[in-house]
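Below is one structure, written out as structure tokens; comments come after it.
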Amino acid sequence: MEWVYRGFETSLLGLSLCLGLAALASLGPAREPEATLAVTLPMISVTASR
């Protein structure tokens, strides 16, 4: 029965390692947010750049 717990623990460690590597791979250069003003009404959408 101990092998079941060890297998479960190993699979969780592997999953966390894969998720961590995927998070590192998805990092890129920091993007600066664009300075825009947006107003949205039910029937009208207006966007203006500053």
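Both backbone and side-chain heavy atoms feed into the values below; hydrogens, waters and symmetry mates do not. Quick caveat, the model's predicted, so the values are computed rather than measured. Each residue takes its place number in the sequence, starting with 1.
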Sequence neighbours excluded, the answer for side chain to side chain donor-acceptor pair (under 3.5 Å) partners of Glu9 is none
Contacts under 3.5 angstrom, residues 16-28 side chains, donor-acceptor by atom type, not counting sequence neighbours:
{"residue": "Ser16", "atom": "OG", "partner": "Leu12", "partner atom": "O", "Å": "3.3"}
{"residue": "Ser16", "atom": "OG", "partner": "Leu13", "partner atom": "O", "Å": "2.8"}
{"residue": "Ser26", "atom": "OG", "partner": "Ala22", "partner atom": "O", "Å": "3.4"}
{"residue": "Ser26", "atom": "OG", "partner": "Ala23", "partner atom": "O", "Å": "2.9"}

Those residues at least two apart in sequence (or on a different chain) that pass side-chain contact (heavy atoms from CB on, under 4.5 Å) with Tyr5 are Met1
